[in-house]
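See below for the structure under consideration.
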Number of protein chains: 2
Amino acid sequence: MDKNELNEEEMQIWHLWKGSFQSIFGRVVKEMSEHTGLSEGDYGVLDRLVIFGNGNLRQQELADSMDWDKSRLSHHLTRMEKRGLVTRKPLETDRGVQVIITSKGKSALDEARPIVAKAIRKYFLDQLTAQDMESITMLAERTKTGVQ
Amino acid sequence: MDKNELNEEEMQIWHLWKGSFQSIFGRVVKEMSEHTGLSEGDYGVLDRLVIFGNGNLRQQELADSMDWDKSRLSHHLTRMEKRGLVTRKPLETDRGVQVIITSKGKSALDEARPIVAKAIRKYFLDQLTAQDMESITMLAERTKTGVQ
DNA sequence: ATAGCATGGTTGACGCGTCAACCACAATAT
DNA sequence: ATATTGTGGTTGACGCGTCAACCATGCTAT
C-alpha cells in the first residue's frame, strides 16, 4: 500500500479518534467552565499549585509540570493574576518567580473539583469498557517518550 | 465509591487519554503546518470543498460538515480569503454564500495531502494494535450521538 | 398590515497559543 | 577584559475560538 496516502479505513480511524476525543473533552471542559468560570488551563494551574507545591510553585516548575512553554504560562498567569486567582512574587535566591494560589483561587478550585470529577465520569469513564482502558494505557505507554 | 471524586486510577486513565491525544495530534498538526503553512482548520476547509463539493460549497453546508458554527467559519474564511486560498461569492437564488477553492488553495491542498498522510501514519496508525482500532471504533460508536 | 420568527451571514471584543524578540543576570570561555 | 552561552522571565503581534449583538430577508400567524 502507498505509504503516502490513507485508505478509507485508515482515514476513518483517524477521524473517529479525533472526533470522539474532541467531543468528550469538549463536553467536560464546557461543563466546568459553565459551572465555575474556570478554563482548562486555569484548573490545571490551580490543581498543580496545591498538589505539587502545597499552594505555591516556582514558575518554571509549574511550566514543566504542565508541559507548557514559559511564554504561554506567563501570558496565562498574567490573566489569572488580573482575576485574583494567583499572585506572583520574585524570589530572593535567584531570578525565579514564585507563583502562589490566592484564597479566591483555592475556593474556585475546591468548587470545581467535584464538578470536573462528575463530568469526567459521565462523559468519559462511564463510556469505557475494560478493554478501552487497557488500550488507552498501552497506547500511552507506547507513545510516551515520543516517536523518533 | 464517591461519585463526586476520582480515584488514582480513574484520574490516571483520564490523563493518559488526554495526554496521548494531545501529543499525537499535536505532532501531526505541527508537521503539516511546518511543511505546508496550512493550519488544521485550513486543511479541513480545503479538503471538504473538493471532497464534498468538487471545489465549492455553500457556507452553511461547509460549517455543518466541519461541525463549526457560522461565526467561527466566517472568521476563518476571512483569513483564508486574505491569503488567497478561497473566494466567496453571494448566491443569486437566496442570501447564501458560495465558498470556492482557488487554484492556489488547490495546490496547497495537493501538496499537503501526502504530508498529512505520512504524519498520521507515523505518529498514529503505526502505533495502533488491532485492539486499539477496535476500541476506538466502539467508543466512537457508543458516544456518537451524545450522552444524555 | 404587522409582529414574530427562522435562515444565513458578519462583526467586535476578548480569552487563548505560538513565535520571535527582548531583558537581566550569572557562569564560562577566549 | 570581553564575548558567549544558559537560565528565567516578559512582551507584542497575530492566528485561532467563542460569545453576543447585529443585519437583511423571507415566511408565518394574528
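In what follows, chains carry the letters A, B, and so on, assigned in the order in which the sequence lines appear, proteins first and then strands, with residues in each chain numbered from 1.
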B/Arg95 vs D/dG26: side-chain N/O to OP1/OP2 distance below 4.0 Å: yes
Pairwise distance CD(B/Gln131) to CD(A/Gln131) - rounded to 0.5 angstrom: 4.0 Å
Nearest-nucleotide comparison on DNA chain C, the residue closer to the 5′ end among B/Arg58 and A/Gly41: B/Arg58
Protein-nucleotide distance (B/His76, atom NE2; D/dC14, atom P), rounded to Å: 18 Å
Test: B/Arg58 and B/Asp94 ion pair at under 4.0 Å: yes
Under-4.0 Å side-chain N/O to phosphate OP1/OP2 contact, A/Ser39 with C/dC16: yes
5' priority, DNA chain D, between B/Trp68 and A/Glu61 [closest heavy atom]: A/Glu61
Atom pair distance, as rounded to whole Å: CD in A/Gln60 and C1' in D/dG6: 12 Å
Length of the line joining A/Glu92:CD and D/dG8:P, which is rounded to integer Å: 17 Å
No-H, no-angle donor-acceptor pair, A/Ser71 side chain to D/dT11 base, under 3.5 Å: yes
B/Trp17-A/Phe21 aromatic ring centre distance below 6.0 Å: yes
Between D/dG15 (P) and B/Arg83 (CZ): distance, integer Å: 9 Å
Gap between atom CZ of B/Arg88 and atom CD1 of B/Ile100 - 0.5 Å precision: 11.0 Å
Between D/dG9 (P) and A/Asp69 (CG): distance, integer Å: 13 Å
Centroid under 5.5 Å and tilt under 30°, A/His75 to D/dT11: yes
Residue A/Val97, side-chain atoms from C-beta onward, closest of C/dG8, D/dC16, D/dG9: D/dG9
Distance in angstrom units between B/Lys70 NZ and D/dC22 C1', rounded: 10 Å
Contact under 4.0 Å: A/Ser74 side-chain N or O vs D/dT10 OP1/OP2: yes
B/Arg72 vs A/Leu73, nearer the 5' end of DNA chain C by closest nucleotide: B/Arg72
Heavy-atom neighbours of B/Glu34 CD exceed 12 at 6.0 Å: yes
Sugar-phosphate only, base, or nothing, as touched by A/Arg88 at under 4.0 Å among non-hydrogen atoms: sugar-phosphate
